[in-house]
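See structure below.
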Protein chains: 2
Amino acid sequence: MMPKPSAKERILDAYQDILIEHGIGAITLEAVAARAEVSKGGLLYHFGSKEALLQGLIDRVGHLGVTDLDEARAAPEGVVRYYLRSSVTDVTQDKAMHRTTLAAMRLIGNEEAVDEAMRAYTHNWRDLLAEHVGDSVLADFVGITGDGLYLRAMLGEDTSHLLDDFIAILARLGI
Amino acid sequence: MMPKPSAKERILDAYQDILIEHGIGAITLEAVAARAEVSKGGLLYHFGSKEALLQGLIDRVGHLGVTDLDEARAAPEGVVRYYLRSSVTDVTQDKAMHRTTLAAMRLIGNEEAVDEAMRAYTHNWRDLLAEHVGDSVLADFVGITGDGLYLRAMLGEDTSHLLDDFIAILARLGI
DNA sequence: GTCTATAGGACGATAGAC
DNA sequence: GTCTATCGTCCTATAGAC
């Protein structure tokens, strides 16, 4: 069920992990290779340059983003609840998209391609939220509330204790 | 009224500008010095190292943060409105704290001292909002809405068109 | 207080063995 | 597919003139 991931996936995981734990400044080919338990040469066989590594993360944002929206549509708890729940970080949050998003956020403003991928992701969510909330402005409002929770996650805060209260507040707005 | 800023201030402004426009990857002593119109040696006279430059930005977050909260307390429009307005980016937004915050956000996750300064700033705002909203959870909610708007600003989006609608939504919650 | 020049180190990427 | 070794570049920081 959980076989050892391929070297390529391990390398991308290592890239994410270092971004989340130490930030963009700690990203060197050597550090990523060491964490993925390959040599620098081994890394460069799979990703021909540092930029290829970045593109790998962007592709992951795209693929996992689609999966995430599909899961949201099918979630018994409903789209809004699913969205807010996946926006908070708590000790047990280990969803793949959550880690990929946190890693990508560390690169915002550094690479235009990352900014664009993140904008696309937030806008896709906005559209899905609009379908389920029935109001364009309220959809923006819920979307941006989730973004705020993500910013706090980026700062290392655990916001899970706010989740139920926030859902109750949105319920008062008819959401 | 607006004399030419001292070299030290110009250097810190240049540091911020490059962070906002090109990200942490574009920060080199040479690039900052060029933008501030001093030489590399001139820069290093005022800030003895790259880390000193970072500390300068952190200090600015602290000082401007205090000023910002004071202005919010005195704002005729009220604290909540002031907060949301200063969280959106539009073409005319040139408040000093806004630019400093956007620059500091580019460094989140890279330097623990930055994360701490940003957490302190958001928590001070939360406390002020709680005084004026009268409810702890609602204060967190408004605070995080502003954070979400800031994240969008970080992505290069203009969210000013949402401001009035968001204020109206909060009014429905008795805020 | 501001400059030029350069030492010294870190990093990305290539070459080639296995 | 994975490794070691190495080259060339870019960057921080220092030294010292003005």
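Letters A, B, ... mirror the listed sequences (proteins, then strands); counts begin at 1.
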Nearest listed nucleotide, side chain of B:Ala7, among C:dT2, D:dT2, C:dC3 = C:dT2
Are A:Tyr150 and B:Asp147 close enough that a side-chain donor and a side-chain acceptor fall under 3.5 Å?
-> no
For the residue pair B:Thr89 and B:Glu157, confirm or rule out a side-chain donor-acceptor distance under 3.5 Å.
-> no
Rounded to whole Å, CD1 of A:Ile11 lies from C1' of D:dT2 at a distance of 10 Å
Please work out which of the three classes, parallel, tilted or perpendicular, describes the rings of B:Tyr83 and B:Trp125, given edges at 30° and 60°.
-> tilted
Using a strict 4.0 Å threshold on nitrogen-to-oxygen distance, state whether B:Glu112 and B:Arg119 make a salt bridge.
-> yes
Is there side-chain contact between B:Leu57 and B:Leu19, with at least one heavy-atom pair below 4.5 Å?
-> yes
Flag for A:Ser160-A:Arg85: side-chain donor and acceptor within less than 3.5 Å = no
Looking at B:Lys95, B:Arg60, B:Arg73, which hits salt bridge (Lys or Arg N to Asp or Glu O under 4.0 Å) with B:Asp68?
-> B:Lys95
Ignoring backbone atoms, establish whether B:Tyr45 has a side-chain N or O less than 4.0 Å from OP1 or OP2 of C:dT2.
-> no
In terms of side-chain heavy atoms, does A:Ser86 have a donor or acceptor partner in A:His98 at a distance below 3.5 Å?
-> no
Just how far, in rounded Å, is P of C:dC11 from CG of A:Leu53?
-> 15 Å
Relative orientation of the end axes in the helix from C:dG1-D:dC18 to C:dC18-D:dG1, expressed as an angle to the nearest 10° (five pairs per end) | 10°
What string of B, S and - do you get for nucleotides 4-18 of chain D 5' to 3' if you count protein non-hydrogen atoms under 4.0 Å?
-> B------SBBB----
Rounding to a whole Å, what distance do you find between B:Glu37:CD and C:dG1:C1'?
-> 17 Å
